[in-house]
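Shown next, in structure tokens, is the structure this report addresses.
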Amino acid sequence: MSFPYVHELETRTLLSEYQGKKDARTLKSWRDEGGYQRVRKAIDMSPDTITDVVKESGLRGRGGAGFPTGLKWSFMPKEDGKPHYLCCNADESEPGAFKDREIIRWTPHLLIEGCLIGARAIGAEHVYIYVRGEFFEDTQHLNKAVVEAYEAGFVGSNIMGSTWSCDITIHTGAGAYIAGEETGLMNSLMGNRAEPWAKPPFPAQAGAFGMPTTVNNVETLSTVPGIIEHGSEWYRQWGSEKSPGTKLWSCSGHLVRPGNYEIALGVPLRDIIFDVCGGTPSGKPVKAVIPGGSSTAFLSAAELDCATTYEGMQEVGSSLGTASPIVMDEDTDIVRAMRRIAQFYAHESCGQCVQCREGTSWIVRILQKIESGDGRLRDIDTLYDLCEQMTGRTICVLADSVVFPLKSSLDKFRAEYEAKMTSDKVAVG
Amino acid sequence: MSREIHPAVVGAQPFQTAERGQFDGPIFKTKEGRLRLEMALTRYPDKRAALLPILHFVQEKKGWIETSDMEEVAEALEVTPAYVHSIVSFYTMYNQHPVGKHLIQVCTNISCHLNKGDEVLECFLEETDTRQGEISSDGEFTVIEAECLGACGFATVVQVNDRYLEGVTPENVSNILDELRAGSHKR
Ligand SMILES: Cc1cc2nc3c(=O)[nH]c(=O)nc-3n(C[C@H](O)[C@H](O)[C@H](O)COP(=O)(O)O)c2cc1C
Ligand code: SF4
Ligand code: FES
């Protein structure tokens, strides 16, 4: 929906220039536009130089955690004689996020270029692109592109006539949010249940098939070709010192123009919601926004002037996450919305950790009770208590992921919870 | 035909298709089944990693995965049937029971929830006269609630077998069902 409409705040340079243009999917058009020359350039660079350029660019991982990409690559051992792997995380399933799908379906060759350059940097001989199983149609575009790239000699042995070889395999998941967590992803790739493992071992030590592995998000890797082509200074023309570059914003919820927009980091969140996306369809004021996908903390309407950078979001007690604002207008029932979000985490918990397995389902039960008008004030204390028990005590951060929205909704919208308790029968709306 | 599938993408074929029941009997005794398995095995350093791709293949051909399939897959990949079962039950996309010709999955997660996702689900259930997971009496439909389908800006999102419908409203539902019945929604 972001195209053909283009807003002046959009910077459609790095990621979204070709979105909405079907031709760009074919190898021929992609090469006409200069595609794969960046891979050529990367083959002529040493792996360390590639890593350094990405380090200097300040690119941070777009899968949610925002870890500096160049730094992550530098953790990979050198000349250890073992096979190395790159896993491209295309399992996109964070509620609110739908940016990776857009990259895959419009610019599959951009992603392949990014995978190859990343693989070169970390010495990987094989890239596994783990795509969520539901993305059937989008995967077909990617499949076609990979086969074309193999046939043109851009993937496989002796890429572009060089001595460098690297394979790419598309691997589709089968429906599990937790397969998006990096160790869960690698377990799933290996034919196991997508259960995360406790680190160490870190992926760079012993990841997929026990070998040094790096896991990177689709958007992260798709940003790399531009950086290699134009350099780190060019990339830093956008964003802030700590959050350079542009980012795809997946905007959803109560919006006139929901969709994906590539925007330089740092503009006020308010501008994205009201200018780019046109505010709420009802014309009513915004009540709340979850800025970074459903596992980030709620913002109230008063907090929307925050800057859309990693640090700006932190200042208001939330996080950039996957840059996926979910907008709720004045008529939204926050308790009901929170219950729906909690249900997701209860459904997706892999069940290894007691705090997460039991905690998520208790949260759902208590929220259902409050929603139906049977809540007591002490239930709010119980919810806070659960938040406490579920923070920082589990193998992965799925448990924390439900705490962020829950705790912030209790802090900022407590009155809504209480309103359901004072009257006898509150209409569920 | 498998022969035309490049090994790099063999594990990434659509596995919830409308064409079902093409397979009776042992999967890996057929030429296509054996070829798919062999191709998948070339892509991983480890046999077990072919498990998901192979289960996809079974479901692509049969529409669901039954105990005898799990036993066959277990034998082919040298794991126990119980292990294969633990995999099939872990991932939501593997159907452990037969489903209607059109498997309709309605997202009711937060962004769709804010855009009438729950009503869309209710409409599908009502119009097909089923409860979640059941097959409609004409064998055409199974409707279930889905978690976020990763297309939240285009709410409400509905997945029908291997394709997405975007921007579905309660008012659209009966049209969609008519088209599916008439086969005009087929890929
Ligand atoms: C529960 C959970 C789900 C996740 N899902 C995804 C996902 O769908 N896609 C993704 O790229 N990262 C996801 N992540 C983050 C990954 O663990 C990992 O940090 C990321 O893929 C690293 O790539 P990046 O450094 O390029 O961001 C998830 C993390 C958690 C804890
Ligand atoms: S926190 Fe939850 S999802 Fe993560 S490993 Fe533990 S039980 Fe599984
Ligand atoms: S919430 Fe429905 S597709 Fe994401």
Heavy-atom proximity to chain B below 4.5 Å, by part of [X]:
X      : answer
A:Y177 : neither
A:L142 : neither
A:V327 : backbone
A:N192 : both

Is [X] reaching over with its side chain to a backbone N or O of [Y], donor-acceptor style, under 3.5 angstrom?
X      : Y      : result
B:H113 : A:R340 : no
A:S93  : B:G150 : no
B:Y91  : A:A194 : yes
B:N109 : A:F344 : no

field: Those residues that, when tested against A:E262, pass side chain to side chain donor-acceptor pair (under 3.5 Å) (two or more places apart)
entry: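 Once residues adjacent in sequence are excluded, the partners of A:E262 under the side chain to side chain donor-acceptor pair (under 3.5 Å) criterion are A:S16, A:T246.
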task: Taking side chain to side chain donor-acceptor pair (under 3.5 Å) as the test, write out the residues that go with A:E134, two or more places apart.
output: A:R132
Contacts of residues 43-54 of chain B with chain A (heavy atom under 4.5 Å):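 Result: B:R43, B:Y44, B:P45, B:D46, B:R48, B:A49, B:L51, B:L52, B:P53.
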task: Could you please state which residues from residues 114-124 of chain B sit under 4.5 angstrom from chain A, measuring non-hydrogen atom to non-hydrogen atom, sorted by number, or 'none'?
output: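 Near chain A, by residue number: B:L114, B:N115, B:D118.
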- request: Determine the option with the most heavy-atom pairs under 4.5 angstrom with chain A, choosing from B:S86, B:A155, B:C112.
  value: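 Of B:S86, B:A155, B:C112, B:S86 has the most heavy-atom pairs under 4.5 Å with chain A.
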